[in-house]
Engineer: 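Below is the structure I would like to discuss, written out as C-alpha cells.
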There are 2 protein chains.
Amino acid sequence: MGKVTLQDVAKAAGVSIATASWAVNDNKNVRIPEATRRKVRKVADRLGYHSNALARGLARGRSDLIGFVSDGVATSPFAGQVIQGAQDEAWRNGKILLVVDTDGNPTIERKAFAFMLEHQVEGVIYSSWVHRSIVPPAELDRITSVLVNCFDEQGRFPAVVPNELQGGRTATQLLIDAGHRRIAFVNDPPISPASVGRLAGYRQALEESGIEYDPRLVIAAGADQEGGYGAAGAVLASGATAVFCYNDRASMGLYDALRERGLRVPDDLSVVGFDNQEVISAHLHPALTTVGLPQYDLGVLGVRALLALQEPGADRVGDDADAGMPDAVGMPDVAEPAGPPYAPLLVACPTVMRDSIKPR
Amino acid sequence: MGKVTLQDVAKAAGVSIATASWAVNDNKNVRIPEATRRKVRKVADRLGYHSNALARGLARGRSDLIGFVSDGVATSPFAGQVIQGAQDEAWRNGKILLVVDTDGNPTIERKAFAFMLEHQVEGVIYSSWVHRSIVPPAELDRITSVLVNCFDEQGRFPAVVPNELQGGRTATQLLIDAGHRRIAFVNDPPISPASVGRLAGYRQALEESGIEYDPRLVIAAGADQEGGYGAAGAVLASGATAVFCYNDRASMGLYDALRERGLRVPDDLSVVGFDNQEVISAHLHPALTTVGLPQYDLGVLGVRALLALQEPGADRVGDDADAGMPDAVGMPDVAEPAGPPYAPLLVACPTVMRDSIKPR
DNA sequence: CTGAAAGCGCTAACAA
DNA sequence: TTGTTAGCGCTTTCAG
C-alpha cells in the first residue's frame, strides 16, 4: 500500500516523470495540454498517489512549513484560538504549522528551535501566553520570525499584539454611554502591557467625555476571582455606579461578593469585564458584557506578517487552498515590511455586549 | 547564512561525508573513535550545522513526524492539555507532532489527511473535543492510527478514553465518604459516554455502600451554568444533602442559584463537580471539589499506543531526548497491541479535593 | 510540448 | 575504522 511514487504514475499514464510532475502541480511555467493533464491526474487518483512532501521540499529547497513556538498557548485556556488563526492563515497559503509548546522551559525551547531549523521551516511565529515584553532568544536571528502577543523593546522583530489601550477605552466608553459618570476600574497591580494599556484607555475615555479622573476609583486587585471578590468593598465604598474589571475572572469574583451582600448586577452596579473568557463571561448571571482579546486575529496576522516578510512586495495570490476555510474579513492589513525597527501591529479588541450594564 | 551541509562539515573536519554522518548521529552500528567524533562535532557546532530533516527523512524513509488531527481540541478550553501530553511523549521518542485542527469541517479534515500523507507521518492521532463514539474517516485506514477521546464501535482502531464510570464512582464515593446518604446527581440528558458512564459510576458507588438507588435523585439538566442554575429547585426539593454535578459549569450555576436563595456551599449542600475546569472550579467560593479529566495522559497514552503499534514488541529505549521534559509517571502501561478488535484503553479520572464537601 | 538527466542533503550498503 | 557510491522522490534546467 501507500508507496505510490510519481514514477509509478508516469509509467501508468504513459508519460515521462517530468510531464507527470507538470501535470500534477499546476505549474504555470509550462503549458501542458488539458487532455494530458487530465489523464495524468486521473491515473494519480486511481493509484492513490500522494506527493512526497519531503522529496518535494528537498528538491525545491522549500518546506512549506511554518514554525509556531509558544511558551504555553496550547495549555492556556485562552489561546488555542491564536493557533487556530495561525493555522487557518497558513493553510490558506499552502503552508502548514509545526507547533511546539515549550511551556516556558528554556531547554525545550532550545530544542524546539533546533527542530524547526532541521525541518527547514520558512519562518517562525514566537508567541507568548500573556501579552508581554520579551527578550528574543538568540535563535530567532537565524530564522525569519515574528512575535505574537509579545514584543521586543527594540523592535528588532515584527510583532502583533492586542490593542490594550483601545480595549480599555472601549470598555470604559460602554459604561459612559450608558450614562455612568462615576466608574471604578479594578486593575491588576503588576506593571504589564495590559494593566498599563487598559488604564490608559480608561483615562482616555474619561477625558474624552470630560469626566475628571479620580485616582481613588482605580482599585488594585489580583487578576482573578479572589481579587475581584476582595475588591468589592472598595468598589462599593468608592461610590461608583459602574465598574470596569481588569478581566472576566475578577468580574466573576466581584459578582460573588456582590451577591453575598444582596446586591444585584446590573441594577446595583454595572460591570464590564475583559478577555471574553467564554466559559465565564457568557454564563454568569447576568451574562457579562466584556471586551474580547483578538486571539484568532493575532494568529492570522502573525503568519500574514511572516509571509509578507519573506516575499517582499509580492501580492498574495489566492489559490484553491482556502476551500472551506473560514474567511478572515475585516482584519487590518499587515503593514508593509518596513524593516527594523518595527512598530508592533496593534489589533483591535472587540466589544461583546451582554447583560451586565444598566443605563441610568 | 544557514545553509551548512554535512558535506561542508566533512570537508572542514577533513573526513568523508559518511564519517561525518556517523559522528553526528550516534549510530550504534558503526564504532568510530571518540576523538574523531568529537572533532566532527566541534566543527559542526562551529559552522552552525543543522541536519536537514527533509533529506534525512527522504533517505531513511522515515519522517519522525506524527500527525495529530482534532475536531476542535485546540479551540476547546479543555484540551490543549491533550496536545501537550501528545507532544511531550512524541518528543521523548524523538518524534514531532504535526497538528491540524479541523474544527469539525470535513473539507478541512480531508485536506488535513492529505497533508499528513504527503508529509509521510508515521501515524496519526485522531482526537475529538468531546468524548464520543465516531465513525472513523476512510483515510484512517491508510495510516497507522489511534483514536483519542473517542472510539469506534467496532474497535477497528486502538482508542484511549477517560474512564467515565470510575470518574462517576469516585465523585459519588467522595460524598459517601463524607457521610452523605441522600445524594443527587445532576446529569446531562443526551446519551453520551459521559452521561451514561458517570451515571453508572454513581449507581455503582451507591450500591457498593448499600445505599438504594432512587431515580428521583437523578435530575436532568443542561451541562452548563444555566442547567445547574435551573436544577437547584429540583435538587433542593429532592431532600438531598449532597449533589454530584455532571460538570463544573453546572456546579457553577448551582452555586449561583443557591446563593440567591441564601444557601451556602457546603454547609447547606455539599457539591462535587466534574472536569476540573480550573478557571471555574479552583476559583468558585468555596473552591469546588471535582473529578478531573485525564487530558494530558490521554495525549501521552495516545502517542504511546501509536508507537507501540508500529514497533510491535519493541522495548522503548530511553535516549537523551527527554532532558528537561516533564516525566510521565504513574501512568498505566499501554496494552500490548493485541490487534483488532481493540478494547478502548480507559484512563483514570483523578480526584481534585477542594472545599465544597462538608462531612455530616 | 515532452523527455533525459542533474541534483537537493543525507543514509546505508559495500569496499577498501 | 573510514571512504565511495548508489539511491530516497521530486523539481527543473536543458535538449529534443
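Chain A is the first sequence line, chain B the second, and so forth, proteins listed ahead of strands; every chain is numbered from 1.
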Engineer: Taking only side-chain nitrogens and oxygens of B:Ser21, does any of them come within less than 4.0 Å of OP1 or OP2 of C:dT11?
Structural biologist: yes
Engineer: Which of these, A:Asp101, A:Val121, A:Val82, sits in a side-chain contact (heavy atoms from CB on, under 4.5 Å) with A:Phe68?
Structural biologist: A:Val82
Engineer: Find the distance B:His119:NE2 to D:dG9:P and express it as a whole number of Å.
Structural biologist: 17 Å
Engineer: Do you know which of A:Glu118, A:Gln120, A:Arg60 makes side-chain contact (heavy atoms from CB on, under 4.5 Å) with B:Leu54?
Structural biologist: A:Gln120
Engineer: What's the closest nucleotide to the B:Val15 side chain, out of D:dC10, C:dC10, D:dG3?
Structural biologist: D:dG3
Engineer: Please report, rounded to the nearest Å, how far the P atom of C:dG9 is from the CG atom of B:Asn52.
Structural biologist: 7 Å
Engineer: Among D:dT4, C:dA5, C:dT11, which nucleotide sits nearest the side chain of B:Arg56?
Structural biologist: C:dT11
Engineer: In whole Å, I'd like the distance from the CH2 atom of B:Trp22 to the P atom of D:dT1.
Structural biologist: 13 Å
Engineer: Taking NZ from B:Lys39 and C1' from D:dT1, how many angstroms apart are they, rounded to a whole number?
Structural biologist: 13 Å
Engineer: It should be established whether B:Asn25 places a side-chain nitrogen or oxygen under 4.0 Å from OP1 or OP2 of nucleotide C:dT11.
Structural biologist: yes
Engineer: Rounding to a whole Å, what distance do you find between A:Arg60:CZ and D:dC8:P?
Structural biologist: 21 Å
Engineer: Rounded to the nearest angstrom, tell me the gap between atom CD1 in A:Ile17 and atom P in D:dC8.
Structural biologist: 11 Å
Engineer: Please determine, for the side chain of A:Thr36, which listed nucleotide (D:dG3, C:dT11, C:dT2) has the closest atom?
Structural biologist: C:dT2
Engineer: Kindly point out which of C:dA12, C:dG9, C:dG7 is positioned nearest to the side chain of A:Ala59?
Structural biologist: C:dG7
Engineer: Taking the side chain of B:Leu6 as its heavy atoms from C-beta onward, which of D:dC10, C:dC10, C:dG3 lies nearest to it?
Structural biologist: C:dC10
Engineer: Strictly below 4.0 Å, N to O, side chains only: are B:Arg142 and B:Glu139 in salt-bridge contact?
Structural biologist: no
Engineer: Please give, in whole Å, the distance from D:dC10 P to A:Asp64 CG?
Structural biologist: 15 Å
Engineer: Is the phosphate of D:dG3, meaning OP1 or OP2, less than 4.0 Å from a side-chain N or O of B:Thr19?
Structural biologist: yes
Engineer: Relative to the 5' end of DNA chain C, which residue comes earlier, B:Ala18 or B:Leu54, by the nucleotide with the nearest heavy atom?
Structural biologist: B:Leu54
Engineer: Just one of A:Arg62, A:Gln87, A:Glu89 clears the side-chain contact (heavy atoms from CB on, under 4.5 Å) bar with A:Lys95, so which one?
Structural biologist: A:Arg62
Engineer: Would you indicate, yes or no, if C:dG3 has its OP1 or OP2 atom less than 4.0 angstrom from a side-chain nitrogen or oxygen of A:Ser16?
Structural biologist: yes
Engineer: Going by the angle between their ring planes, with limits at 30° and 60°, are B:Phe115 and A:Trp91 parallel, tilted or perpendicular?
Structural biologist: perpendicular
Engineer: What is the distance, to the nearest angstrom, from the CG atom on A:Leu58 to the P atom on C:dA6?
Structural biologist: 18 Å
